[in-house]
Number of protein chains: 2
Amino acid sequence: MWQDPRQAERAAWIARAVAHPVRLRILAYLAEQGAYVMDLTTALGRRQANISQHLMVLREVGLVQAEREGMMVRYTLRSELVADLLALLARLAEGLPEEPSMGLGPRRFRRGRGRGRW
Amino acid sequence: MWQDPRQAERAAWIARAVAHPVRLRILAYLAEQGAYVMDLTTALGRRQANISQHLMVLREVGLVQAEREGMMVRYTLRSELVADLLALLARLAEGLPEEPSMGLGPRRFRRGRGRGRW
DNA sequence: CGAGTATATTCGCTGTAGCGAATAAGGAGG
DNA sequence: CCTCCTTATTCGCTACAGCGAATATACTCG
């Protein structure tokens with residue numbers, strides 16, 4: 001699988017779209033129900049521009065689709081595979097024992113230190 | 001799912017580790033067989049330091065585990081869930097139609113009842 | 001110990017993701 | 001047309017991922 005770097009890049013491109021807390025929460029929200037941008041801004045407590053920016057990323061990779069409904073735009077997941085992906089990530093997130101040698105929990109998107117020893 | 005931002009961050013933290021072509025290929029390689037660093041450098045054609053750096057990322061999030069064997073270090077996947085994740089990403093990568101009009105040419109997205117402007 | 005091999009870590013650099021503020025653009029209604 | 005509402009896009013900024021080169025660490029063997 002992915003001997004070809006190009007294929008790997010495409011898969012990574014998709015993974016990158018998911019690799020952000022806000023986008024994950026957007027997808028999780030959409031997994032339960034379609035939503036308008038305003039719904040997401042209030043649900044996630046972020047600026048409207050920010051939500052739109054994240055939605056654009058998700059739209060570009062095709063994880064999400066948009067449909068205009070009058071003045072508003074309704075976003076929905078584009079495939080059930082996306083929901084599967086979320087579920088898998090959730091399982092991994094809770095299931096994977098944290099490296100004992102490393103700090104605890106996720107370090108907020110920061111490169112951790114740690115000297116090599118296990 | 002992930003109403004709590006902290007949980008979402010943890011999941012995103014994992015997704016972020018996967019969201020790189022080289023790391024994806026490393027994982028794909030490991031899904032078939034354990035490997036030493038040198039195996040990966042030759043298989044992927046990258047500098048040893050770079051491979052080690054990527055392995056560190058994967059190790060930090062716990063997708064991969066390392067075991068010293070004499071002078072070398074053997075890396076293996078830490079859970080079958082990781083392989084599942086790869087498979088899902090592969091399906092998404094090939095299954096999701098690339099938005100052909102997105103990013104090349106004028107922006108287009110599905111307009112529900114937009115008068116045929118697009 | 002000293003030389004050689006395999007891996008890990010550090011460092012400086014560069015590209016770019018992500019953010020808020022501001023602004024534009026689509027659409028409804030008067 | 002003009003105003004209000006919702007969403008999209010642009011802009012400037014900052015922080016950090018990712019890279020190669022260099023160096024350090026761990027281990028084996030003689």
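Just so we're on the same page: letters track the sequence lines, and every chain starts at 1. Keep in mind that this is a model prediction, so the values were computed, not measured.
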Leu55(A) atom CG is separated from dG18(C) atom C1', nearest whole Å, by 15 Å
Of residues 23-34 of chain B, the positions that come close to DNA chain C - non-hydrogen atoms, cut-off under 4.0 Å:
none
Rounded to whole Å, how long is the line connecting atom CZ of Arg16(B) with atom C1' of dC16(D)?
8 Å
Residues forming a side chain to side chain contact (heavy atoms under 4.5 Å, CB included) with Ala17(A), sequence neighbours excluded:
Val57(A), Leu58(A), Val61(A), Leu63(A)
Are Met72(B) and Ile26(B) co-members of a hydrophobic cluster defined by side-chain heavy atoms under 4.5 Å apart?
no
Nearest whole Å is fine: how far is dA8(C) C1' from Tyr36(B) OH?
18 Å
Any side-chain heavy-atom pair of Glu67(A) and Tyr75(A) under 4.5 Å:
no
Go through the structure and list residues passing side-chain hydrogen bond (donor to acceptor under 3.5 Å, both in side chains) with Gln48(A), not counting sequence neighbours.
Ser52(A)
At their closest point, which heavy atom of Ala66(A) faces which heavy atom of Val73(A), and how far apart are they?
CB-CG1, 3.7 Å
Round to a whole Å and report the spacing from CE of Met38(B) to P of dG4(C).
17 Å
Taking the side chain as every heavy atom from C-beta outward, state whether Trp2(B) and Leu27(A) have any pair of such atoms under 4.5 Å apart.
no
Counting Watson-Crick and G-U wobble pairs with both distances under 3.5 Å, what is the dot-bracket string for DNA chain C, 5' to 3', using [ ] for crossing pairs and | for pairs to another strand?
||||||||||||||||||||||||||||||
In a table with atom names and distances, give each donor-acceptor pair under 3.5 Å that connects a side chain of residues 39-46 of chain A to protein atoms at least two apart or in another chain.
residue  : atom : partner  : partner atom : Å
Asp39(A) : OD2  : Tyr36(A) : N            : 2.9
Thr41(A) : OG1  : Met38(A) : O            : 2.7
Thr42(A) : OG1  : Met38(A) : O            : 3.3
Thr42(A) : OG1  : Asp39(A) : O            : 2.9

Between CD of Glu69(A) and C1' of dC5(D) the distance, given in whole Å, is 16 Å
If you pin Met72(B) and Met71(A) to their nearest nucleotides in DNA chain C, which one's is more 5'?
Met72(B)
Same apolar cluster: Leu81(A) and Leu81(B), side chain cutoff 4.5 Å:
yes
Determine whether Trp13(A) and Leu85(B) fall in the same hydrophobic cluster, where Ile, Leu, Val, Met, Phe, Trp and Tyr are linked whenever their side-chain heavy atoms lie under 4.5 Å apart.
yes
Presence of His54(A) side-chain N/O under 4.0 Å of dC19(C) phosphate oxygens OP1/OP2:
yes
In whole angstroms, the gap separating P of dA6(C) from CD of Glu67(B) amounts to 19 Å
What is the separation between atom CZ on Arg68(A) and atom P on dA25(C), rounded to the nearest whole Å?
14 Å
Which of residues 39-53 of chain B have a heavy atom under 4.0 Å from DNA chain D?
Arg46(B), Arg47(B), Ala49(B), Asn50(B), Gln53(B)
May I ask you to decide if Gly70(A)'s main-chain N or O and Arg68(A)'s side chain share a donor-acceptor pair within less than 3.5 Å?
yes
Quick one: list whatever passes side-chain hydrogen bond (donor to acceptor under 3.5 Å, both in side chains) with Asn50(B), sequence neighbours left out.
His54(B)
Residue His20(B), side-chain atoms from C-beta onward, closest of dC19(D), dT9(C), dT9(D):
dC19(D)
